[in-house]
Amino acid sequence: MEVTSKFSSYSKFAKVQFVKRIRNGGSLKEVKNMPDKIIKGEGLWNGRLLKFNTLESTNVWAVQHIDFCQNGDVIWAVRQTMGKGRLSRVWLSPDDKGLTLSVVVEFKNNRIIPAVNFAAALAVNKTLKMFSLKGSLKWPNDVLVRGRKIAGILSEAKPERNFVVVGIGLNVNMKKSDIESANFSFPATSMLIEIGRPLEMDILRKVLVSSLEKNIDSLFIHGTKVVIDSWEKYDWLSGSLIEIDTPAGVIKGTYNGMDEQGRLRLIDKNGCENLFWSGDVKKVVAVD
Ligand code: BT5
């Protein structure tokens, strides 16, 4: 493992890119917004860990600096100040109590993009299991413990560049008071709350990265079906009556798992199957 510090660690190619950016009117601030440390061998497939002490959003940084990124890079912010969720929502990780990272994955076939999200959710689930926690998965991008959200995933693809940035936010050392004051729309929890002791972020990150590597390898080798089949074993919505909130309105019906592309299947009151690429889902209690 080689630990290198800011600037001196950049490749000749990256340095040339910085100079070009400045000459083309790029700001010094933009150039300065570079990792505090680059650690080789701690990314996926022996790739790089790009460590930031503070960063607004690991996903935003990765997407904006995709030219600088390599397949398997892990972008890790010890403190993330403006984390984002889907639809420009906010992902909160107060102080440095959450694990917030993004992984850059290169692909050849666009069809795997939705399944990368599920492979990442399974990796989080496996990580929780290593710490004796029983997780479940909620379509499309949540990981829950005891029905409470402990992690969220946000994948952003750059199909024209054959890269997908997979962002993971995991609540690690957040206290009950942190969760309560955040007033989330869906109940939430953290590993500290569930296990009863704080966890070492470095260890947790390494376990998660190793698990991500295995699952993404499995996706590339075996294809989306194997990942979706594994995901369905932990499906929190299984057999539930649900409501899905979509841009077209709220639709109610019976949850029927996912199709082979990762779309949610909902059987409506007429017995027809409806498929959804995205949406917010909640369980509803049947009222007769
Ligand atoms: C997600 O969106 O759950 C995806 C979150 C992805 C965050 C990671 S952190 C690393 C990387 N860099 C980024 O900038 N993002 C990724 P969504 O399903 O839209 O859920 C967002 C909603 O979850 C918010 O509107 C809140 O209600 C709730 N929420 C926010 N922070 C939370 C937290 N720490 N724990 C539980 N719920 C939270």
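Start at 1 and go down the list; that is how both ligands and their atoms are numbered.
Contact annotation: the side chain of V63 approaches that of K158 to within less than 4.5 Å [non-hydrogen atoms, C-beta and beyond]. A 4.5 Å side-chain heavy-atom check between W61 and P35 finds at least one atom pair inside the cut-off.
When heavy-atom distances to ligand 1 are checked against a 4.0 Å cut-off, I153 comes that close only through its backbone atoms N, CA, C and O. For V60, no heavy-atom contact with ligand 1 is shorter than 4.0 Å. The backbone and the side chain of S185 each have at least one atom closer than 4.0 Å to an atom of ligand 1 (non-hydrogen atoms only).
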Would N274 and D268 satisfy side-chain hydrogen bond (donor to acceptor under 3.5 Å, both in side chains), going step by step from the backbone distance to the final call? CA-CA 7 Å; N274 299 258; D268 65 22; 3.2 Å; yes
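Distance from atom 35 (N) of ligand 1 to its nearest protein heavy atom, with residue and atom name: N171 ND2, 2.8 Å. Regarding atom 3 (O) of ligand 1, its nearest protein heavy-atom neighbour is K149 NZ, 2.8 Å. Considering only non-hydrogen protein atoms, atom 10 (C) of ligand 1 sits nearest to T58 OG1, 3.2 Å. With hydrogens left out, the protein atom closest to atom 30 (C) of ligand 1 is V90 O, 3.1 Å, a heavy atom. Nearest non-hydrogen protein atom to atom 5 (C) of ligand 1 is W91 CE3, 3.5 Å. Nearest protein neighbour of atom 26 (C) of ligand 1, counting heavy atoms only, is F184 CD2, 3.8 Å. When only non-hydrogen protein atoms are considered, atom 1 (C) of ligand 1 lies nearest to N141 ND2, 3.4 Å. Of the protein's non-hydrogen atoms, the one nearest atom 15 (N) of ligand 1 is K84 O, 2.8 Å.
Comment: E42 does not engage K37 in a salt bridge, judged by the lack of any side-chain N to carboxylate O separation of less than 4.0 angstrom.
Atom CZ of R111 has 12 or fewer heavy atoms from other residues, nucleotides or ligands within 6.0 Å.
Considering every non-hydrogen atom in both N53 and V78, the closest pair reads O-CB, 3.5 Å. Nearest approach of W231 to A121, heavy atoms of both residues: NE1-CB, 4.0 Å.
Rounding to the nearest 0.5 Å gives a distance of 4.5 Å between CD1 of I179 and CD1 of I193.
Residue contacts with ligand 1: L92 is placed with a nitrogen or oxygen under 3.5 Å of a nitrogen or oxygen of the ligand (distance criterion only).
Summarising the contacts of atom 25 (O) of ligand 1 with R89, M82, E56, the nearest heavy atom is found in R89.
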